[in-house]
Amino acid sequence: MANRLADETSPYLLQHADNPVDWWPWSPDAFAEARRRDVPVLLSVGYASCHWCHVMAHESFEDPEVAEYLNERFVAVKVDREERPDVDSVYMEAVQAATGHGGWPMTVFMTPEGEPFYFGTYFPPEPRHGMPSFRQLLAGVHGAWQDRRTEVGEVAGRITRELAGRRLSYDAPRPPEESDQAAALLALTRDFDQVHGGFGGAPKFPPSMVLEFLLRHHARTGAAGALEMAERTCDAMARGGIYDQLGGGFARYSVDAEWVVPHFEKMLYDNALLCRVYTHLWRAAGSEQARRVALETADFMVRELRTAQGGFASALDADSEADGRQAEGAFYVWTPAQLRRVLGEEDGRAAAGLLGVTEEGTFEHGTSVLRLPGEPVPDRLRERLLAARAERPRPGRDDKVVAAWNGLAVAALAEAGACFDRPDLVQAAVAAADLLVTRHLDEHGRLLRTSRDGVPGGGAGVLEDYADVAEGFLTLCSVTGETAWLDLAGTLLETVLTRFRGEDGSLFDTADDAERLIRRPQDPTDNATPSGWTAAAGALLSYAAFTGSERHRAAAEEALGIVRVLAGRAPRYIGWGLAVAEAALDGPREVALVGAGDDPRASALHAAALRATAPGAVIALAEPDTPEEERPALLHDRPPRDGRATAYVCRRFVCAAPTTDPGTLTAQLTPASPD
């Protein structure tokens with residue numbers, strides 16, 4: 001049978017369209033049906049590349065007997081967390097509050113009014129490790145609904161009131177000061193893994209936003225410890241199994257503390273963020289490894305994730321086919337015998353040593369995840385292994401385009417392309433940005449969260465969409481000099497200020513006219529991506545630097561007040577806010593560059609500005625004959641000096657002496673040295 005998911009655009013929902021479960025998408029009709037039948041709602045939330053979502057689907061949702069029981073006693077609602085992060089956020093908060101942990105698949109039972117009363121994540125088909133089977137769970141919830149309805153209603157009401165009553169205390173917010181940033185650095189130093197790099201223990205996630213803070217803090221202050229933590233972590237990840245040593249790109253996380261065995265799914269957001277981190281590490285330290293990893297990761301995104309419309313797909317699955325079944329990591333792992341078959345005896349043994357492949361294996365069934373204990377693999381061996389791997393069944397791809405993550409990709413590819421003289425990467429960034437304009441912006445200037453094959457999907461844009469897309473557009477403005485990107489960013493940020501901002505300067509994850517849930521989600525902390533709150537602060541700060549808008553600067557500083565609250569006690573969860581605060585403390589520096597586009601001296605100044613380390617610096621470009629009214633405020637009254645391409649470096653529109661020399665410009669954009 002085909003259920004109600006068959007017409008959806010989300011690849012995750014379409015994966016369940018042929019289930020015997022009579023799924024509904026999240027909609028008012030689903031809850032109306034539950035009220036009509038007087039049954040509870042089962043909410044199941046996941047995403048297309050989620051390994052355990054696939055497992056639970058195969059074990060339970062594809063079972064005709066389980067489906068029959070479920071269909072008779074519940075209304076089943078399936079949600080793609082990437083398409084509806086607002087729904088996911090609200091109910092995940094309830095799951096974490098009730099159980100102390102969360103994850104996907106998320107399983108929530110609720111009343112027809114959307115009030116949750118029982119929670120969990122994955123449930124097995126048979127009782128296991130103290131967990132009931134999914135069938136037992138359904139029976140228990142049905143029994144409670146039939147026999148203890150009053151108690152269920154009281155529990156649901158209490159949970160809903162507790163969630164709705166949660167509010168951030170945000171009185172007189174002020175942006176972080178030097179002492180706040182120092183406290184954050186000290187707390188991170190205490191939590192740093194001195195042996196393996198990164199922070200905390202297993203599982204270990206790429207700390208992208210924290211790394212950006214460390215690099216910016218080092219650039220601004222010269223703190224050697226900040227750079228050392230960033231370098232050691234980036235080196236460990238680049239050499240570990242979390243990084244694809246053949247094809248480039250990072251897996252989602254490492255299941256161990258040593259970065260050896262990854263959870264093999266590859267997400268666009270991780271790779272966009274890490275591409276930018278390694279580009280910035282190269283700027284700071286000149287590391288050839290950082291340059292290689294940044295470019296390989298950029299090439300991975302363009303090669304593996306780019307869609308026919310020019311956007312970037314969300315993810316690659318962890319699983320692929322092996323021996324007639326779906327197996328995690330099958331596309332990526334090797335045995336010594338497989339290496340020898342592809343490369344021959346001598347080269348196979350050499351590759352095994354270079355890539356950490358052992359007879360015992362580092363993964364399952366005697367296979368090993370490829371690592372890089374020593375020198376890089378020679379290109380001639382790497383290319384042959386890549387060609388052989390290309391013959392294997394490939395992991396599935398979630399080709400849904402998410403606005404926020406494409407904004408991150410636009411920023412990363414534009415910067416990497418500019419820094420490494422790769423105009424093809426800049427062109428890829430522009431194409432993705434064009435898709436966001438033509439397919440994700442409606443006639444009212446409002447963002448849509450997702451599209452697939454160029455067709456907009458379900459869900460309005462949330463705060464992170466507006467913030468990350470604005471960040472991408474502002475980066476394109478610095479790289480290309482096209483002020484249309486600045487204007488588009490301004491449109492998005494106007495919506496942030498009018499629809500997402502509270503009277504106290506705090507920011508909500510959803511607009512004030514979005515669908516009303518049991519509470520309006522609001523979370524300033526980073527998860528796998530920068531929080532919408534701090535990403536918006538960064539985009540507002542950059543826009544203010546381009547335009548001189550005190551309104552945007554004030555809103556950015558108010559939003560950064562949350563960083564003061566969390567900097568010392570939870571810096572790992574506010575890394576992007578700390579990074580934005582570094583830009584605010586440094587200015588950010590504003591570069592006004594006037595020169596002809598075909599003038600090599602203007603190109604040299606532009607390259608110097610792009611490769612400088614000043615945190616969050618913005619760059620505005622203009623031809624000498626561009627009328628004043630067509631220039632951003634940063635370029636007003638900025639004539640060329642003696643008819644030559646000229647750069648002006650300013651901080652809050654107070655400028656240093658203009659220069660025509662790239663070396664002088666680099667010095668002016670090196671905060672830890674004198675202006």
Side-chain angles (χ1 to χ4, degrees), residues 208-209 212-213 215-216 268-277 279-280 301 311-312 402-418 426 428-430 432-437 440-441 447 449 461-480 482-497 500 507 509 524 526 528-547 549 552-553 555-556 559-560 575-584 588 590 610 615-620 632:
S208 308
M209 289 72 79
E212 186 67 32
F213 159 63
L215 291 171
R216 289 187 179 193
L268 173 62
Y269 52 73
D270 285 319
N271 286 284
L273 290 164
L274 288 167
C275 176
R276 208 173 185 191
V277 163
T279 299
H280 294 171
M301 287 192 287
F312 290 92
V402 176
W405 307 347
N406 274 255
L408 297 175
V410 167
L413 292 171
E415 279 200 342
V426 178
V430 170
D434 283 339
L435 177 72
L436 291 171
V437 173
H440 286 250
L441 267 179
L447 264 179
R449 171 75 174 171
V462 295
L463 180 61
E464 70 162 355
D465 294 306
Y466 285 85
D468 291 338
V469 172
E471 170 85 7
F473 289 173
L474 292 168
T475 305
L476 273 183
C477 184
S478 285
V479 168
T480 68
E482 295 290 338
T483 56
W485 299 117
L486 177 64
D487 296 337
L488 285 163
T491 298
L492 297 176
L493 293 174
E494 184 61 28
T495 301
V496 169
L497 293 178
F500 289 86
L507 292 164
D509 295 335
D526 298 331
T529 57
S531 74
W533 182 316
T534 55
L540 289 163
L541 186 71
S542 295
Y543 186 80
F546 272 112
T547 63
S549 168
H552 290 80
R553 175 83 190 199
L560 286 173
W576 194 255
L578 291 164
V580 174
E582 288 294 329
E590 307 137 3
L610 289 164
V618 302
I619 306 167

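With sequence neighbours excluded, the residues forming a side chain to side chain contact (heavy atoms under 4.5 Å, CB included) with Asp270 are Arg252, Met267, listed by chain and number. Evaluation of the side chain to side chain contact (heavy atoms under 4.5 Å, CB included) rule for Thr483 yields Pro632 as partners, not counting sequence neighbours. Partners of Ala433 by side chain to side chain contact (heavy atoms under 4.5 Å, CB included), not counting sequence neighbours, listed by chain and number: Val410, Phe473, Leu476, Trp485. Residues satisfying the ring-ring contact (aromatic ring centres under 6.0 Å, His included) criterion with Phe312, sequence neighbours excluded, are absent altogether. With sequence neighbours excluded, the residues that form a ring-ring contact (aromatic ring centres under 6.0 Å, His included) with His552 are Tyr543. Under the side chain to side chain contact (heavy atoms under 4.5 Å, CB included) criterion, Pro524 pairs with Leu168, Trp533, Ile562, sequence neighbours left out.
Taking OH of Tyr466 as the start and CG of Leu447 as the end, the distance is 5.0 Å to the nearest 0.5 Å. Atoms CG and CG, from Leu560 and Leu541 in turn, are 7.0 Å apart once rounded to the nearest 0.5 Å. Interatomic distance, Leu273 CG to Asp526 CG, rounded to the nearest 0.5 Å: 9.5 Å. Rounding to the nearest 0.5 angstrom, the gap separating the CD atom in Glu590 from the OG1 atom in Thr547 is 9.5 Å. The CG atom of Leu268 sits 6.0 Å away from atom CG of Asn406, with the distance rounded to the nearest 0.5 Å. Note: Arg276 CZ to Glu415 CD = 4.0 Å, rounded to the nearest 0.5 Å.
Looking at heavy atoms from C-beta onward, Glu464 lies out of side-chain contact with Asp509 at the 4.5 angstrom threshold.
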>> For a side-chain contact (heavy atoms from CB on, under 4.5 Å) check, start with the C-alpha distance between Ser208 and Trp576, then their side-chain angles and the critical distance, and finish with the verdict.
In response: CA-CA 9 Å; Ser208 308; Trp576 194 255; over 6 Å; no

